[in-house]
There are 2 protein chains.
Amino acid sequence: MTNGQMTEKKADSEPKFERSCCPITNTLDILGDKWTLLVIRDLVLGKKRYRELISSPEKIASNILANRLKRLEVCGLVTRQAYQQNPSRYEYVLTRKGEDLRPVLEAMSRWGQEHYPGTMIFSKL
Amino acid sequence: MTNGQMTEKKADSEPKFERSCCPITNTLDILGDKWTLLVIRDLVLGKKRYRELISSPEKIASNILANRLKRLEVCGLVTRQAYQQNPSRYEYVLTRKGEDLRPVLEAMSRWGQEHYPGTMIFSKL
DNA sequence: CTAATAACTTTCAATATGCAAGTGCCGATA
DNA sequence: TATCGGCACTTGCATATTGAAAGTTATTAG
């Protein structure tokens with residue numbers, strides 16, 4: 001409490017978006033990279049554990065996967081649930097906010113299938 | 001015709017996708033970054049010229065914009081059309097393939113508006 | 001002659017990615 | 001008891017990508 005760091009907040013008068021107040025931009029600030037949406041795809045398809053996520057055919061690096069899961073948790077798209085103690089192990093589950101990305105995945109899947117013949121889906125995406 | 005480059009193709013027996021044959025993955029291989037879909041958003045909204053694209057509120061760096069436009073052209077989402085000579089200047093126009101991304105943008109826009117109150121749209125996206 | 005404009009390109013420091021190897025904790029096996 | 005293997009990560013380090021700023025080229029306006 002002695003120094004002023006993090007105490008001055010100006011009563012949240014400004015929403016303060018990273019790049020702009022465009023909803024597409026703010027969506028891309030979270031999932032605009034080559035891996036995040038693939039992790040979400042796997043979670044939508046019912047995968048829950050690290051081992052399952054890392055064994056997808058795209059071969060995500062383990063540090064990247066850990067980093068993305070952490071970010072998704074911070075952003076509220078995913079929650080971690082302990083499924084055992086000693087050592088603590090966790091499962092990852094989509095929140096409502098994460099589930100709500102399904103239409104985005106579906107739109108991308110449809111575009112990919114339309115324009116890249118040979119691509120194919122294994123489940124309902 | 002004298003050297004064999006581009007003649008040996010093994011009858012296209014293997015589709016050879018970058019990471020996997022998942023349509024979402026292949027879509028992300030093109031537009032899985034923080035900027036590409038914003039460029040497409042602007043083109044969907046009717047912007048055509050470099051100056052217009054670079055003056056969007058997100059402030060894309062000029063080298064990144066040039067790089068993305070080149071990639072979008074290579075991937076067939078955009079075509080360059082000369083609108084003057086000496087010096088040659090070009091406008092960028094979405095192909096059908098590029099236009100077909102509209103549902104993806106719409107889904108992202110809806111998700112952003114739903115989960116980030118304060119974001120707002122200026123046109124029909 | 002000088003300045004301005006458009007559409008890029010170049011340079012270079014900072015950040016992100018990707019691969020491999022390592023860590024901590026356990027339970028099963030020899 | 002010692003070792004092995006599995007799981008969920010973490011760490012180190014080389015390479016690739018990004019971003020800010022300045023530079024380039026051609027042409028027109030003053």
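A, B, ... follow the sequence lines: proteins, then strands. Residue 1 opens every chain.
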Want to settle it: does A/Lys34 or B/Ile54 sit nearer the 5' end of DNA chain C, counting the closest nucleotide to each? B/Ile54
Can B/Leu45 be reached from B/Leu38 by stepping across I, L, V, M, F, W or Y side chains whose heavy atoms are under 4.5 Å apart? yes
Can you tell which of B/Lys47, B/Arg49, B/Arg80 makes a side chain to side chain donor-acceptor pair (under 3.5 Å) with B/Glu91? B/Arg49
Look at the side chain of B/Pro87 and decide which nucleotide, out of D/dT27, D/dT18, D/dC7, has an atom nearest to it. D/dT27
Spacing of A/Arg49 atom CZ relative to D/dC7 atom P, expressed in whole Å: 10 Å
What contact category does A/Arg51 fall into here, base, sugar-phosphate, or nothing, at under 4.0 angstrom with non-hydrogen atoms? sugar-phosphate
Give a yes or no on whether B/Leu69 and B/Ile64 share a hydrophobic cluster (residues Ile, Leu, Val, Met, Phe, Trp, Tyr; joining criterion: side-chain heavy atoms under 4.5 Å apart). yes
Closer to the 5' end of DNA chain C via nearest nucleotide, is it B/Tyr90 or A/Arg71? B/Tyr90
NA contact type, A/Lys59, heavy-atom cut-off 4.0 Å: base, sugar-phosphate, or nothing? nothing
Name the closest nucleotide to the A/Asn63 side chain, picking from D/dT11, D/dG19, D/dC9. D/dT11
Could you tell me whether a side-chain N or O of B/Gln84 sits under 3.5 Å from a main-chain N or O of B/Pro87, the two making a donor and an acceptor? yes
With a 4.5 Å cut-off on side-chain heavy atoms, are A/Tyr50 and A/Arg89 touching? no
Nearest-angstrom distance from the residue atom CD1 of B/Ile64 to P of D/dA16: 16 Å
The complete set of side chain to side chain donor-acceptor pair (under 3.5 Å) pairs with one or both residues in residues 112-121 of chain B, sequence neighbours excluded, reads A/Lys97-B/Tyr116, A/Asp100-B/His115, B/Ser109-B/Gln113
What are the 5'-most and 3'-most nucleotides of DNA chain C lying under 4.0 Å from any heavy atom of chain A? C/dT17 to C/dC26
How close or far is atom P of D/dT24 from atom CZ of B/Arg89, stated in whole angstroms? 17 Å
To the nearest angstrom, how far is A/Leu53 atom CG from D/dC9 atom C1'? 13 Å
Candidate nucleotides D/dC9, D/dA21, D/dG6, ranked by approach to the side chain of B/Ser62 - the nearest: D/dA21
